[in-house]
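Below: the structure, in structure tokens.
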Protein chains: 2
Amino acid sequence: MDFQFLSDTILFREIPSDGIQSLLACFGTERKTFPKNSMIFHAGSPIHFIGIVLSGSIHIEHNDLWGNTSILDRIGPGNVFAEIYACMPGEPLMVDVVADEPSEIFFLNTSRLFQVCTPSCPHHQQLIRNLLSITVQKNLNLSRRIFHTSSKTIRGRLLSYLSFQALQHGSSTFSIPFDRQQLADYLSVDRSALSHELSKMQKDGLLTYRKNKFILKDKVHRFH
Amino acid sequence: MDFQFLSDTILFREIPSDGIQSLLACFGTERKTFPKNSMIFHAGSPIHFIGIVLSGSIHIEHNDLWGNTSILDRIGPGNVFAEIYACMPGEPLMVDVVADEPSEIFFLNTSRLFQVCTPSCPHHQQLIRNLLSITVQKNLNLSRRIFHTSSKTIRGRLLSYLSFQALQHGSSTFSIPFDRQQLADYLSVDRSALSHELSKMQKDGLLTYRKNKFILKDKVHRFH
DNA sequence: TCCTTTTTGTTGTTATAACAACATACAAAC
DNA sequence: GTTTGTATGTTGTTATAACAACAAAAAGGA
């Protein structure tokens, strides 16, 4: 089987092909496809696999006791999920992992992650280093989500989120990876209230939009 | 100088004293005390140091453009902060780090963190491993904060937070590490509205409280 | 193409939180 | 003890979002 595609993932960055081969042999793997909206992991399950998105796209969501859904993150090809839980054996998953579209997922069994296979195996160590980079990056993503939801008004949340998107795209014209419902879940607000606020903001001349494509007007730039 | 105290920190777990000595020599350190409410790090600064709380207690907060403060985390003795930014050179700090009380902080220069000092120096590698554990743990903390603020009502947020605290303490009687204002900032709600909701919940027989000590009644247990 | 389904936007009503201003309680300093 | 300051609780008003129900638009399939 050809594992060339893994060379392009962040998890295996800087690890040569033969190193990847030996790591995979050491850990054990699985490859699986999921239809749109199917559950990849359920909240509550113990997790022994890191997931890597090969194609498609997934998201991490939390459903509380009242049925509110909130979206924590969105993960595209080449990226990794559930690594937190794989690093904390016994910690039950607090979130659901759901496919946004038909997606192919590669699973890496991590039971042996913290056992060094041979003393100071350099590939294993690079893998740990890569995992550190990934969790640090996720940390930033979670922090950002917190910042975007710290405003008490919908408008404030939208301005925080959209102006960050503009910054990241390096342009005031950009597309976002969410539809309205998902954006509402990400910002922890009601969808129809979100639509309503967006159209008010458009009336106020702050931005124009069409579906998930936005253009921020100069007025917004005062906000950072 | 005696660095024995570092043996008890998560960051240096499983590293023998002589290993710690050589790591410190490799990295460079600093030790400093901060008065109550003083800023340890300012948002916007580039960070080259991991901070370790030796005594006292600090918190991480975010202040948005409208002056809303939200608290992301609270860090006590033996624990580490700013490690995310130390791992991402160039990423400017998005938060303020503030001392809750007079605190002594140990700083570790991390410019050389990702350079292996000597090929496969085992202490260095254990340090990276420990850092991974720490960031993974922080990830869970951030996720939890998101869950506690995902409810749209103050009561829902309080129930989520308080029942988690009870679970963690293994008892329905427990103290929380926040005063009212900090709890309000952690849950992203108005302080007076929080006080109001708490006294309503007390009237409704869900809990009793006095200052930061809470007793949850059986009714609450339906919530998980 | 038409029909069906999904997504997005609109409106009105109601619940809830924010905000402001003040009262009370508690703690610290003198 | 008294004074000062800080933390917490209370009340009333206002702004805002949630919610529900529906309309319109877009997308996907037959």
Side-chain angles (χ1 to χ4, degrees), chain A residues 35-37 59 64-71 98-102 148-162 175-204 206-214, chain B residues 35-37 59 64 66-71 98 100-102 148-162 175-204 206-214:
Chain A
K36 183 172 176 170
N37 293 329
H59 71 263
D64 70 15
L65 299 149
W66 296 269
N68 303 307
T69 297
S70 58
I71 292 186
V98 184
D100 275 329
E101 44 186 310
H148 297 325
T149 53
S150 77
S151 170
K152 296 192 180 94
T153 64
I154 295 182
R155 179 170 295 205
R157 294 182 187 199
L158 276 167
L159 287 171
S160 172
Y161 174 72
L162 293 174
S175 295
I176 63 170
F178 292 131
D179 64 27
R180 287 288 177 283
Q181 183 62 60
Q182 291 176 321
L183 181 58
D185 290 342
Y186 181 78
L187 297 179
S188 282
V189 297
D190 179 76
R191 182 201 56 79
S192 77
L194 176 73
S195 280
H196 187 226
E197 191 62 42
L198 272 174
S199 67
K200 272 208 300 183
M201 289 166 79
Q202 187 159 234
K203 276 200 197 80
D204 293 349
L206 293 173
L207 48 77
T208 56
Y209 63 93
R210 189 185 150 73
K211 293 210 58 183
N212 64 340
K213 184 168 179 178
F214 290 80
Chain B
K36 182 172 177 171
N37 293 328
H59 71 262
D64 71 13
W66 295 270
N68 303 308
T69 297
S70 57
I71 292 185
V98 184
D100 275 329
E101 43 185 313
H148 296 326
T149 53
S150 76
S151 169
K152 292 185 183 101
T153 64
I154 295 181
R155 179 170 296 204
R157 293 183 187 198
L158 276 168
L159 286 171
S160 172
Y161 174 72
L162 293 174
S175 296
I176 63 170
F178 292 131
D179 64 27
R180 288 286 179 284
Q181 183 62 60
Q182 292 176 320
L183 180 58
D185 290 343
Y186 181 78
L187 297 179
S188 281
V189 298
D190 178 76
R191 181 200 57 79
S192 78
L194 176 74
S195 279
H196 187 226
E197 190 62 42
L198 272 174
S199 66
K200 272 209 300 182
M201 289 167 78
Q202 187 157 237
K203 276 199 198 80
D204 292 350
L206 293 173
L207 48 78
T208 56
Y209 62 93
R210 189 186 151 75
K211 293 208 59 181
N212 65 340
K213 183 168 180 177
F214 290 80

Please give, in whole Å, the distance from [N] [atom2] to [X] [atom1]?
| X | N | atom1 | atom2 | value |
| --- | --- | --- | --- | --- |
| A/Gln182 | C/dT6 | CD | P | 15 Å |
| A/Arg180 | D/dA25 | CZ | P | 15 Å |
| A/Asn212 | D/dA27 | CG | C1' | 14 Å |
| B/Lys213 | C/dC26 | NZ | P | 16 Å |
| A/Asp185 | C/dT7 | CG | P | 12 Å |
| A/Lys36 | C/dT7 | NZ | P | 6 Å |
| B/His196 | C/dC22 | NE2 | P | 18 Å |
| B/Tyr209 | C/dA25 | OH | C1' | 13 Å |

Minimal non-hydrogen separation, A/Leu158 against A/Met201, with atom names: CD1-SD, 3.8 Å

What's A/Lys211 touching, base or sugar-phosphate or nothing? Going by heavy atoms closer than 4.0 Å. sugar-phosphate

So B/Ser199, base contact, sugar-phosphate only, or nothing? Heavy-atom distance under 4.0 Å.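 The answer is sugar-phosphate, as B/Ser199 gets under 4.0 Å only of primed atoms, P, OP1 or OP2.
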
Please list each protein N or O that sits under 3.5 Å from an N or O in nucleotides 14-17 of chain C, with the distance.
unit_1: C/dA17; atom_1: OP1; unit_2: B/Ile154; atom_2: N; d: 2.5

State whether the side chain of [X] and the backbone N or O of [Y] hold a donor-acceptor pair below 3.5 Å, judged by distance alone.
| X | Y | answer |
| --- | --- | --- |
| B/Asn212 | B/Asp179 | no |
| A/Asp204 | A/Leu206 | no |
| B/Arg180 | B/Lys211 | yes |

Working for salt bridge (Lys or Arg N to Asp or Glu O under 4.0 Å), residues A/Lys36 and A/Glu101: CA-CA 4 Å; A/Lys36 183 172 176 170; A/Glu101 44 186 310; over 6 Å; no

Out of D/dA21, C/dC19, D/dT8, which nucleotide sits closest to the side chain of A/Ser192? D/dA21

Return no unless some side-chain N or O of A/Arg191 is found under 4.0 Å from OP1 or OP2 of C/dT8.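 For A/Arg191, the contact criterion (side-chain N or O under 4.0 Å from OP1 or OP2 of C/dT8) is not met.
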
Would you call the rings of A/Phe178 and A/Tyr161 parallel, tilted or perpendicular, where under 30° means parallel and over 60° means perpendicular? tilted

Rounded to the nearest 0.5 Å, how far does OG of B/Ser199 lie from CG of B/Leu207?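 One gets 10.0 Å once the value is rounded to the nearest 0.5 Å.
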
Upstream residue (5' side of DNA chain D) when A/Leu194 and A/Arg210 are each assigned their closest nucleotide: A/Leu194

